[in-house]
Protein chains: 2
Amino acid sequence: MVDGVLPRAERRRRTEARILEAARALFADVGFERATIRGIAKAAEVDPALVMQYFGSKQELFQQAVRVTLVADGELGAEEVVENVLGTLNVKLGELPQSSLAMMRSMLTHPEAAASAREVLGKQVERLAETLPGEDARLRAALITLVMLGVTVGHQLLEMEELAGVPQEEIARVLRPSLRALAGQEVS
Amino acid sequence: MVDGVLPRAERRRRTEARILEAARALFADVGFERATIRGIAKAAEVDPALVMQYFGSKQELFQQAVRVTLVADGELGAEEVVENVLGTLNVKLGELPQSSLAMMRSMLTHPEAAASAREVLGKQVERLAETLPGEDARLRAALITLVMLGVTVGHQLLEMEELAGVPQEEIARVLRPSLRALAGQEVS
DNA sequence: GTCTATAATTAGATAGAC
DNA sequence: GTCTATCTAATTATAGAC
């Protein structure tokens, strides 16, 4: 409470936030296994022991780092019509939040991240399926979701050169008829 | 050369093959980092030291285990027309070779696997691009490839429940018009 | 040639000084 | 409260016995 100095609670909050930010970046870059507490601490400019003090374990730190994803992605698509999926193209192809990237980076090799990914994708599928017509709505919803996943993985994580310089609008344009077809609409 | 006993060269060849098979299975299951030499040796019923003796390092073992992928996938799509991509659906959705799964499992977290994935996918894109019409053939080819990647990842690696019991033909049927659209064909 | 025993490295986690 | 120093465990990799 001394003037000119931050309250200790506030100071701690900011330090935690800085650690989380560094953790997300490193997890997103190299995945859970290759990201080390020491590396995260160094990037956040804090002592490695402090990271453990605050978050208890590497596992819990990872959970905290990717947790936001669930909420954020839950708000993404949102509404009722298929055009919204196309709308998310911009987000998916642009700057996806670090927490999402962190989760995706590890989803094939870290059980916790895999479970998280299944949950997020599953919710997306559910939401889509409600708005799609036909018997096979769920299958179509799943495939739409996986198309987006594939494009995102190729672009953001594998960084394929074929998509490197291409503007989002161009990708969205080429992809649109394809998604419309999956949504069960015959014509454009 | 003694009767009734395999020649030592042949015996060694078989042991190597058994190790490679076990390595592919484990790499495909849990990825490069979580797969251990000990675990692979145990699955192959050999001594861990023998694995090192034969392959030199975990890294080289991994390379050998996924190398076949390049050739196998190179033969996959093959010919000239777009229908061939649809034809690969059966392969991709059915039993993909273990070596391919091993590579895909680690492609987001292991640099070597990532490079391998980019190479394989890049060749696929190249081959497709030659057969597609239009200015944006390469972009379309890349997106087609990523669609297949997304579906494969969701089905084989994430094992999403929405695709679990669905027969390949059903998935192919729903996916077909979407891929046709990406290929630049207006109608079915 | 095969394997036992161990070296060497690196990680996550902890205890205690200040 | 923060960090130094250390512990413990697991791994790859190696050297040498048999």
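Atom set for the values below is all heavy atoms of this structure, side chains included, hydrogens, waters and symmetry mates excluded. Residue numbering restarts at 1 for every chain, and letters A, B, ... go by the order of the sequence lines.
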- Message: Check this for me: does any side-chain nitrogen of one of A:Arg173 and A:Glu169 sit under 4.0 Å from a carboxylate oxygen of the other?
- Response: no

- Note on the structure: Here the distance between atom P of D:dG16 and atom CE of B:Met52, to the nearest Å, is 17 Å

- Task: Please state whether the phosphate of D:dT2, meaning OP1 or OP2, lies under 4.0 angstrom from any side-chain nitrogen or oxygen of A:Tyr54.
- Result: yes

- Query: Base, sugar-phosphate, or nothing for A:Phe55, non-hydrogen atoms under 4.0 angstrom?
  - Reply: nothing

- Step-by-step side-chain contact (heavy atoms from CB on, under 4.5 Å) determination, B:Leu146 to A:Met160: CA-CA 10 Å; B:Leu146 290 179; A:Met160 283 180 62; 3.7 Å; yes

- Item | Nearest-Å distance for atom pair CD/P, residues B:Glu60 and D:dT14 | 10 Å

- State which of C:dA13, C:dC3, D:dT2 makes the closest approach to the side chain of A:Leu50. D:dT2

- Query: Less than 4.0 Å between a side-chain N and a carboxylate O, is that true for B:Glu16 and B:Arg13?
  - Reply: no

Between the protein and nucleotides 4-8 of chain C, which nitrogen or oxygen pairs come in under 3.5 angstrom?
none

- Item | Nearest-Å distance for atom pair CD1/C1', residues A:Ile37 and C:dT14 | 13 Å

- Item | Contacting residues from residues 39-46 of chain A, given that a heavy atom lies under 4.0 angstrom of DNA chain C | none

- Query: Parallel, tilted or perpendicular: which fits the ring planes of A:Phe27 and A:Phe62, with parallel below 30° and perpendicular above 60°?
  - Reply: perpendicular

- Item | All side-chain hydrogen bond (donor to acceptor under 3.5 Å, both in side chains) counterparts of A:Arg18, not counting sequence neighbours | none

